[in-house]
Amino acid sequence: QVQLVESGGGLVQTGESLRVSCTVFGNLFNIIAMGWFRRAPGKEREFVATISASGGTTFYGDFLKDRFIISRDNTKNMVYLQMNALKSEDTATYYCAARTERVTSIRASDYDYWGQGTQVTVSP
């Protein structure tokens, strides 16, 4: 079993940076790929970023234009999403997800475990 707990969300202003974190509880961390998704009010869930089990492969949503960086620390069972140059349209609940495969995926349906989410609000 895997449990995911997000943290680090909050209120920031346009142009600022924020890092959200995901703590992974369980003994599978080194062999699972991780992802971040988000859901804005009134919108569908959206893929943000994914990283392979080794950390060697990453993919990002097309809308990001290099503003976000996903990383992981396999010694601490942690995954991070560094968000830079935040915009009001980045306001959403951000969810950490894990899949019991080593390789990445951009599809939410490929993920087996989900956290409860952390709210990120970007004021204009």
Side-chain angles (χ1 to χ4, degrees):
Q1 281 290 340
V2 175
Q3 287 186 306
L4 311 177
V5 178
E6 301 95 337
S7 61
L11 174 64
V12 296
Q13 295 185 333
T14 298
E16 293 185 339
S17 298
L18 189 68
R19 188 179 79 165
V20 291
S21 303
C22 176
T23 304
V24 182
F25 297 93
N27 59 1
L28 301 177
F29 188 70
N30 288 347
I31 61 170
I32 57 176
M34 302 294 299
W36 285 97
F37 292 79
R38 70 184 187 184
R39 187 190 297 270
K43 294 187 177 181
E44 297 291 319
R45 181 171 50 192
E46 180 177 40
F47 165 72
V48 176
T50 179
I51 187 167
S52 62
S54 69
T57 302
T58 57
F59 286 109
Y60 296 90
D62 291 340
F63 63 90
L64 288 178
K65 300 187 185 299
D66 301 326
R67 295 187 296 120
F68 291 7
I69 300 171
I70 188 173
S71 61
R72 64 190 293 160
D73 185 339
N74 286 356
T75 67
K76 297 181 179 179
N77 282 21
M78 298 285 294
V79 180
Y80 307 99
L81 184 68
Q82 176 68 42
M83 302 182 288
N84 302 315
L86 283 161
K87 306 175 182 179
S88 57
E89 51 262 45
D90 294 318
T91 294
T93 300
Y94 284 73
Y95 297 91
C96 175
R99 64 188 303 249
T100 52
E101 298 285 344
R102 295 180 182 271
V103 297
T104 58
S105 174
I106 67 172
R107 294 189 299 267
S109 59
D110 286 341
Y111 288 81
D112 305 293
Y113 303 98
W114 292 82
Q116 293 298 309
T118 186
Q119 178 66 37
V120 173
T121 303
V122 185
S123 63

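Treat the numbers as computed from the prediction; the structure is a model and nothing was measured. Counting begins at 1 with the first residue of the sequence.
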Original post:
Side chains of Y94 and R38: is there a donor and an acceptor less than 3.5 Å apart?
Top reply: yes

Original post:
Is there a donor-acceptor pair closer than 3.5 Å between any side-chain N or O of N77 and the backbone N or O of V24?
Top reply: yes

**OP:** Would you check if M83 and V120 make a side-chain contact, meaning some heavy-atom pair closer than 4.5 Å?
**Re:** yes

Subject >> Side-chain donor/acceptor of E6 to backbone N/O of Q116, under 3.5 Å >> reply: yes

Original post:
Are Q1 and F25 side-chain neighbours, meaning at least one heavy-atom pair lies under 4.5 Å?
Top reply: no

**OP:** Keeping the roles fixed (side chain from R72, backbone from G55), state whether a donor-acceptor pair exists under 3.5 Å.
**Re:** no

Original post:
Under a 4.5 Å cut-off applied to non-hydrogen side-chain atoms, are Y95 and V20 in contact?
Top reply: no

Original post:
Is T50 reaching over with its side chain to a backbone N or O of M34, donor-acceptor style, under 3.5 angstrom?
Top reply: yes

**OP:** Kindly compute the distance separating CG (D110) from CZ (F47), expressed to the nearest 0.5 Å.
**Re:** 11.0 Å

**OP:** Could you check whether the rings of F37 and W114 sit parallel, tilted or perpendicular, using 30° and 60° as the cut-offs?
**Re:** tilted

**OP:** Calculate, to the nearest 0.5 Å, the distance between atoms CD and OG belonging to Q82 and S17 respectively.
**Re:** 5.5 Å

**OP:** Hey, could you give me the CD1/CG distance between I32 and L4, rounded to the nearest 0.5 Å?
**Re:** 7.0 Å

**OP:** Using a 4.5 Å cut-off on heavy atoms from C-beta on, say whether the side chain of T104 contacts that of S52.
**Re:** yes

Original post:
Do any N or O atoms from the side chain of Q13 and from the backbone of S123 form a donor-acceptor pair under 3.5 angstrom?
Top reply: no

Subject >> Residues in ring-ring contact (aromatic ring centres under 6.0 Å, His included) contact with Y60, at least two apart in sequence or another chain >> reply: none

Original post:
Within a radius of less than 6.0 Å around CD of Q3, do more than 12 heavy atoms belonging to other residues, nucleotides or ligands occur?
Top reply: no

Original post:
For A53, does its backbone N or O pair with a side-chain atom of N74 as donor and acceptor, under 3.5 Å?
Top reply: yes

Original post:
In terms of hydrophobic clustering (I, L, V, M, F, W, Y; side-chain heavy atoms under 4.5 Å; direct or indirect links), are F59 and Y80 co-clustered?
Top reply: no

Original post:
Could you state the interatomic distance from CZ (F63) to NZ (K87), rounded to the nearest 0.5 Å?
Top reply: 10.0 Å

Subject >> CG on N84 to CD1 on I69, rounded to 0.5 Å >> reply: 6.0 Å

Original post:
How close do G9 and T118 get, heavy atom to heavy atom, and via which atoms?
Top reply: N-OG1, 3.1 Å

Original post:
In Å and rounded to the nearest 0.5 Å, what is the OG1 to CZ distance from T57 to R102?
Top reply: 12.5 Å

Original post:
Is a side-chain donor or acceptor of D112 paired with a backbone partner of T100 at a separation under 3.5 angstrom?
Top reply: yes

Original post:
Within the side chain of T23, is there an N or O that forms a donor-acceptor pair under 3.5 Å with the backbone of M78?
Top reply: no

**OP:** Using the rule that two of Ile, Leu, Val, Met, Phe, Trp, Tyr join whenever any of their side-chain heavy atoms come within less than 4.5 Å, decide whether Y111 and F68 are in one cluster.
**Re:** no

Original post:
Backbone N or O of V122 within a donor-acceptor pair of the T91 side chain at under 3.5 Å?
Top reply: yes

Original post:
What about L64 and V79, same hydrophobic cluster or not, with Ile/Leu/Val/Met/Phe/Trp/Tyr joined at side-chain heavy-atom distances under 4.5 Å?
Top reply: yes

